[in-house]
Amino acid sequence: MQEKYHPQEIEQQAQQDWQERAVFNVSETSDKPKYYCLSMFPYPSGKLHMGHVRNYTIGDVLSRYRRMQGYNVLQPMGWDAFGLPAENAAIQRGVPPAKWTYDNIAYMRSQLQSLGFGIDWKRELATCEPDYYRWNQWLFLRMLEKGIAYQKTQVVNWDPVDQTVLANEQVIDGCGWRTGAPVEKREIPGYYLAITKYADELLTDLDRLPGWPERVKTMQANWIGKSYGVDITFPPDTASGMPQALKVFTTRADTLMGATYVAVAAEHPVALHAAHDNPELAAFIEACRHGATIEAELATQEKKGMATGLYVIHPLTSERLPVWVANYVLMSYGEGAVMAVPAHDERDFDFASQYALPIKPVIKPESGELSIPLVQAYTEYGVTFDSGEFSGLESAAAIDAIALALAQKGLGEKRVRYRLRDWGISRQRYWGCPIPLIHCNHCGVVPVPDDQLPVVLPEDVVPDGSGNPLAKTPSFYECICPRCRHQARRETDTMDTFVDSSWYFIRYACADQHASMVDRRADYWLPVDQYIGGIEHAILHLLYSRFWSKVMRDLGLVSFDEPFSNLLTQGMVLNEIFFRKTGNGRIQYYNPSEVDPWYEGEGKRSGAILRADGQPVESGGIGTMSKSKNNGVDPQEIVEHYGADTARLFMMFASPPTQTLEWSDAGVEGAFRFLKRLWRQVYLHVQQGIVASTIGPIQHHEYPAEWKTLRYQLHQTISKVTDDLERRHTFNTAIAAVMELMNEMAKLQDTDPDVRQLIQEALENIVLLLSPIVPHICHALWRELRPGTELLDQPWPKADSQALVQDEIELVVQINGKLRGRIRVAKEADHAAIEQTALDHEHIQRSIAGQSVRRVVIVPGKLVNIVV
RNA sequence: GCCGGGAUGGCGGAAUUGGUAGACGCACGGGACUCAAAAUCCCGCGAUGGUGACAUCAUGGGGGUUCGAUUCCCCCUCCCGGCACCA
């Protein structure tokens with residue numbers, strides 16, 4: 001055994017050994033229980049970042065742990081390979097997206113391998129491979145047959161100069177990222193998936209996911225947004241020129257008697273009708289067209305509106321109500337129109353105040369009165385007043401009564417609505433999965449027949465940023481109609497990349513199946529037992545995957561209905577930001593690796609200086625690692641300098657997986673130091689000669705007390721680490737427990753054969769306990785401790801219950817809840833004996849002298865509290 | 001604005017069911033080894049007072065429940081994340 005720890009050598013050796021034995025390639029024929037551990041697959045952006053390393057280390061720790069526990073563990077990996085960055089790279093460097101993507105995959109695969117993740121590489125897939133995306137196309141056609149996929153028009157960001165559709169992230173301050181031209185909203189046809197048909201199931205099934213974090217479930221429930229309300233029809237006042245009735249949805253039908261106007265979205269047909277002979281209104285609607293498309297931006301904009309001059313009739317009072325166009329009404333929710341009740345809705349209140357519209361209160365608190373005039377909307381439920389025959393009712397009763405009255409007049413009915421909208425999957429982009437449709441002048445839209453799938457995306461195209469390259473590639477779009485055999489045009493839109501990621505985890509089960517999308521192996525491996533990924537995917541990706549699984553279930557392709565049984569959302573990786581303001585007011589960022597801390601006084605950091613010039617830099621606090629702030633750390637450099645084990649150990653030790661992780665070079669050094677210490681302890685032991693460990697029944701009554709204590713601590717640590725890995729997923733405390741044990745063990749310097757047995761037992765167990773986290777060093781150390789055997793064949797250690805038996809236990813003695821001493825008592829001592837021992841304690845005697853003991857609380861096994 | 005999560009030493013964090021606040025690591029200080037440095041090892045390390053044994057204070061702020069509160073309840077401040085003007 002070498003005296004020094006050489007990570008590069010042992011890591012290369014370990015990885016080679018694993019590869020030769022192919023231990024991570026798994027099949028469905030095992031008689032062990034299956035365990036599917038999945039990490040979110042990466043986008044092949046170029047190289048791994050620390051977030052990936054954290055994600056995949058968590059997955060690998062759990063996989064290796066379960067493997068040792070006797071499970072048949074699948075840990076696959078693949079590539080979310082379609083997407084906009086590949087096109088951007090192409091535009092900037094003239095490289096075809098396919099080449100850029102495949103080069104990145106090759107490099108990142110080698111990085112993953114150098115980190116020692118136990119992945120079944122036989123199942124690797126990339127979503128840009130025809131063998132994968134043909135099944136996107138195939139399932140899309142099945143959805144089309146079932147009516148789950150359909151066509152309608154959608155609003156997009158349109159760059160008028162490049163004649164191209166822009167993604168939200170390509171819109172900067174309302175202008176196109178390349179051209180700087182103001183972006184317009186434009187309606188173009190696109191394909192949708194009817195996820196709303198599954199809204200109720202997606203909502204109720206959240207209750208069947210106890211292994212998901214509550215906050216993710218809450219976010220999904222809010223996103224689906226089920227609400228109970230009433231659809232109300234406001235008949236037109238034809239005398240005013242109003243062409244049609246207006247239908248609105250409200251959850252607060254109890255406030256109907258307080259409605260003072262009706263507001264419609266700018267895109268609403270009534271608004272467009274009114275704008276015909278009203279240039280001012282037309283201009284306002286046009287202005288809204290250039291407004292925000294992202295709802296978050298819509299949310300913060302100032303409320304604006306304009307009267308249409310049209311009127312509707314209140315369905316119960318027959319009063320005339322004006323119709324306004326307002327920018328706070330969304331065409332995409334409900335009917336694109338709302339009844340406005342300024343007294344009881346904040347938005348309506350703001351709007352009415354601004355345009356001097358009447359405010360009519362009709363709800364008051366159950367006890368007390370409203371102070372009129374209102375200074376803000378009263379939005380609580382309460383009791384109706386000034387509401388004619390509906391006065392004096394509680395809100396719930398008023399909703400029922402008003403709904404009934406409306407129903408009798410044929411002007412309303414109760415209705416359940418969802419906030420969730422159908423999923424638009426059409427993208428006017430090149431680097432994505434082609435939508436398998438053909439447009440024929442004679443037959444209309446014709447699906448590509450199954451035997452002509454896949455519609456292959458040409459891989460040699462270099463986009464230039466204007467328009468969709470596929471629409472400029474005749475060899476792609478020219479085709480023959482499969483029905484009438486006439487010349488036809490292929491659809492050039494591609495699918496949203498969220499389609500690709502909605503089922504990749506099912507394909508891993510049978511990635512070599514060429515005859516069908518999935519086969520029976522999917523039902524062996526799925527659902528995923530543990531899914532690990534970033535919180536940023538809490539809504540879209542996870543919701544789409546749940547939807548897709550349910551569609552596949554309904555098509556008889558799989559038999560599960562929820563794809564992910566347990567979900568772990570890992571926190572982000574942060575690092576400190578350093579900068580200087582340069583002369584012209586610009587900010588120059590410096591990478592933390594170029595900066596040294598500067599101390600004033602003992603251990604208190606007072607600043608930082610740039611190593612290059614010795615001058616101070618400012619700290620911009622802690623933020624996510626990003627290119628723009630120049631505070632990233634390249635995992636590759638860490639692996640090359642310290643080895644993969646150090647990188648893995650630091651990431652698992654610095655904070656629990658669900659919390660944010662602050663990068664620290666000193667912390668990495670500390671992790672490296674620990675591994676060196678571990679190596680040295682094993683080395684020193686092995687130098688004296690290995691011995692049989694004390695595993696099995698031992699005569700621990702004859703041990704000296706300190707040995708017994710160590711063995712007790714060892715087996716306590718085994719229990720704790722097991723619980724931390726399996727139930728709590730707190731790898732940081734698991735590592736801390738092992739460190740503590742090592743610190744204790746280092747104090748035992750004895751050549752007695754018995755204690756050498758004990759040390760052997762401890763070292764073997766420490767190596768086993770740490771092996772999921774730092775597998776390479778443990779692989780090497782195990783061979784030294786047990787020559788001729790392999791760590792990979794060892795089961796997870798079990799605590800010896802005998803070692804955990806203690807004759808005496810320590811109790812804490814408190815006076816009025818404050819720690820005042822410790823006593824040792826026999827394990828089976830009764831309350832009276834414990835109380836007496838505590839009161840006899842010298843220090844306690846002194847502390848309570850002159851005071852009367854009022855009460856003694858004894859918590860068995862823990863403490864004694866004396867109340868004086 | 002709404003929803004969710006937080007706030008513990010110089011720093012990251014620990015305290016799992018209401019029971020020893022600060023485990024473990026980092027930083028820092030002191031010492032050993034060394035011609036010297038690095039590496040390594042040992043010791044110390046919340047604040048205040050005290051030579052010391054100890055005592056008092058301390059988990060963002062204020063109140064409450066309890067023998068006992070970082071943990072539970074109420075109010076407030078600040079920070080982070082998400083979002084939906086959702087009718």
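Note on naming: letters A, B, ... go to the chains in the order of the sequence lines (proteins, then strands), and numbering restarts at 1 for each one.
With rounding to whole Å, A:Glu214 atom CD is found 11 Å from B:G4 atom P. If you take CD1 of A:Ile823 and C1' of B:G19, they are 15 Å apart, rounded to a whole angstrom. In this structure, CG of A:Asp724 is placed 17 Å from P of B:G13, rounded to the nearest angstrom. When rounded to the nearest whole Å, the span between CZ of A:Arg215 and C1' of B:G4 equals 7 Å. Atoms OH (A:Tyr228) and C1' (B:A87) sit 17 Å apart, rounded to a whole Å. Straight-line distance from the CG atom of A:Asp345 to the P atom of B:G1: 17 Å, rounded to whole Å. Residue A:Asn327 contributes atom CG, which lies 15 Å from atom C1' of B:C86 at whole-angstrom precision. Summarising the geometry, the separation between CZ on A:Arg854 and P on B:U66 is reported as 13 Å, rounded to the nearest angstrom.
In terms of polar N and O atoms assigned as donor or acceptor, the side chain of A:Lys818 never comes within less than 3.5 Å of the base of B:U56 in a complementary pairing. Not a single donor-acceptor contact under 3.5 angstrom links the side-chain atoms of A:Arg673 to the base of B:U40. Not a single donor-acceptor contact under 3.5 angstrom links the side-chain atoms of A:Arg680 to the base of B:U40.
Atom C1' of B:A7 sits at a distance of 14 Å from the matching atom of B:C76, rounded to the whole Å. Taking atom C1' on both nucleotides, B:C83 is separated from B:G10 by 37 Å, rounded to a whole Å. Nucleotides B:G62 and B:G9 are separated by 15 Å at their P atoms, to the nearest Å. Look at the C1' atom in both B:A84 and B:C78: the space between them is 25 Å, to the nearest Å. The separation of B:A27 from B:U16, taken at their C1' atoms, amounts to 29 Å, rounded to a whole angstrom. Atom P of B:C79 sits at a distance of 41 Å from the matching atom of B:U40, rounded to the whole Å. Separation of the P atoms belonging to B:G25 and B:A15 is 16 Å when rounded to the nearest angstrom. If you take atom C1' in B:G61 and the same atom in B:G49, they sit 26 Å apart, rounded to whole Å.
A:Gln845 places a side-chain N or O within donor-acceptor distance of the main-chain N or O of A:Leu839, the cut-off being under 3.5 Å. Under the 3.5 Å distance criterion, the side-chain polar atoms of A:Asp724 are matched with a main-chain donor or acceptor of A:Ala734.
Aromatic rings from A:Phe650 and A:Trp663 are positioned such that their centres are separated by under 6.0 Å.
Nearest to the side-chain atoms of A:Tyr328 among the listed nucleotides B:U20, B:C85, B:A87 stands B:C85. Between B:U20, B:U40, B:U16, one nucleotide has an atom nearer to the side chain of A:Arg727 than all others, and that is B:U16. The side chain of A:Arg419 has B:A84 as its nearest neighbour among B:A84, B:G25, B:A14. Taking every side-chain heavy atom of A:Val338 into account, B:A87 is the closest of B:A87, B:U16, B:G13. Comparing B:G12, B:C67, B:G13 by their closest approach to the side chain of A:Arg855 singles out B:C67. Checking B:A87, B:G25, B:C86 against the side-chain heavy atoms of A:Arg421 singles out B:C86 as nearest. Residue A:Gln659 has its side chain nearest to B:G13 when only B:A15, B:G13, B:A87 are considered. Relative to the side chain of A:Glu740, the nucleotides B:G25, B:G13, B:A23 differ in distance, and B:A23 lies closest. Nearest nucleotide to the side chain of A:Leu819, out of B:C54, B:A14, B:A21: B:A21. Nearest to the side-chain atoms of A:Trp223 among the listed nucleotides B:C83, B:A23, B:A39 stands B:C83.
If you check every strand for non-hydrogen atoms under 4.0 Å, A:Arg846 touches nothing. In this structure, A:Gly225 reaches neither bases nor backbone, as no heavy-atom distance under 4.0 Å exists between it and the strands shown. In this structure, A:Lys217 reaches neither bases nor backbone, as no heavy-atom distance under 4.0 Å exists between it and the strands shown. Residue contacts for A:Asn743: at a heavy-atom cut-off of 4.0 Å it reaches the sugar-phosphate backbone alone, with no base atom in range.
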Could you give the side-chain donor-acceptor pairs of residues 853-868 of chain A under 3.5 Å, partners two or more places apart or in another chain?
residue	atom	partner	partner atom	Å
A:Asn865	OD1	A:Asn816	N	3.4
A:Asn865	OD1	A:Gly817	N	2.9

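Under 3.5 Å, the side chains of A:Thr722 and A:Ser719 contain no donor-acceptor pair of N or O atoms. A donor and an acceptor atom, one from each side chain of A:Tyr381 and A:Asp254, are nowhere located under 3.5 Å apart.
Pairing for B:U48 goes to B:A55, judged as Watson-Crick or G-U wobble with the two contacts each under 3.5 Å. In a base pair of the Watson-Crick type (N1 to N3 plus N6-O4 or O6-N4) or a G-U wobble (N1-O2 and O6-N3), with each distance short of 3.5 Å, B:C24 is matched with B:G12. Pairing for B:G81 is with B:C3, a Watson-Crick or G-U wobble pair whose two hydrogen-bonding atom distances lie under 3.5 Å. Across every strand in view, B:C33 sits unpaired, with no contact that passes the Watson-Crick or G-U test at under 3.5 angstrom. Partner assigned to B:G19 is B:C67, using Watson-Crick or G-U wobble distances below 3.5 angstrom.
For B:C11, neither phosphate oxygen OP1 nor OP2 lies less than 4.0 angstrom from any side-chain nitrogen or oxygen of A:Ser664. Of the side-chain N and O atoms in A:Asn222, none sit less than 4.0 angstrom from OP1 or OP2 of B:G82.
An anti orientation is assigned to B:G29, its glycosidic angle lying beyond 90° of 0.
A pairwise comparison of heavy atoms in A:Ala352 and A:Ile359 identifies CB-CG1, 4.2 Å as the closest pair.
Contact check for A:Val774 versus A:Ile777: side-chain heavy atoms found under the 4.5 Å cut-off.
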Step-by-step salt bridge (charged side-chain N to carboxylate O under 4.0 Å, His left out) determination, A:Asp400 to A:Lys414: CA-CA 9 Å; A:Asp400 286 342; A:Lys414 283 199 171 180; 2.5 Å; yes
Intermediate values then yes/no, ring-ring contact (aromatic ring centres under 6.0 Å, His included), A:Phe351 and A:Tyr261: CA-CA 11 Å; A:Phe351 193 82; A:Tyr261 65 102; 5.7 Å; yes
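Taking for each of A:Thr250 and A:Glu810 the nucleotide of RNA chain B with the nearest heavy atom, the 5'-most of the two is the partner of A:Glu810. Judged by closest nucleotide on RNA chain B, A:Thr730 is the one of A:Asp348 and A:Thr730 placed further toward the 5' end.
Of all the residues in residues 856-868 of chain A, A:Val857, A:Val859, A:Lys862, A:Leu863, A:Asn865, A:Val867 reach under 4.0 Å from RNA chain B with at least one non-hydrogen atom.
Taking the ring axis of A:Tyr228 as reference, the NZ or CZ atom of A:Arg417 does not stay both within 45° of it and closer than 6.0 Å to the ring centre.
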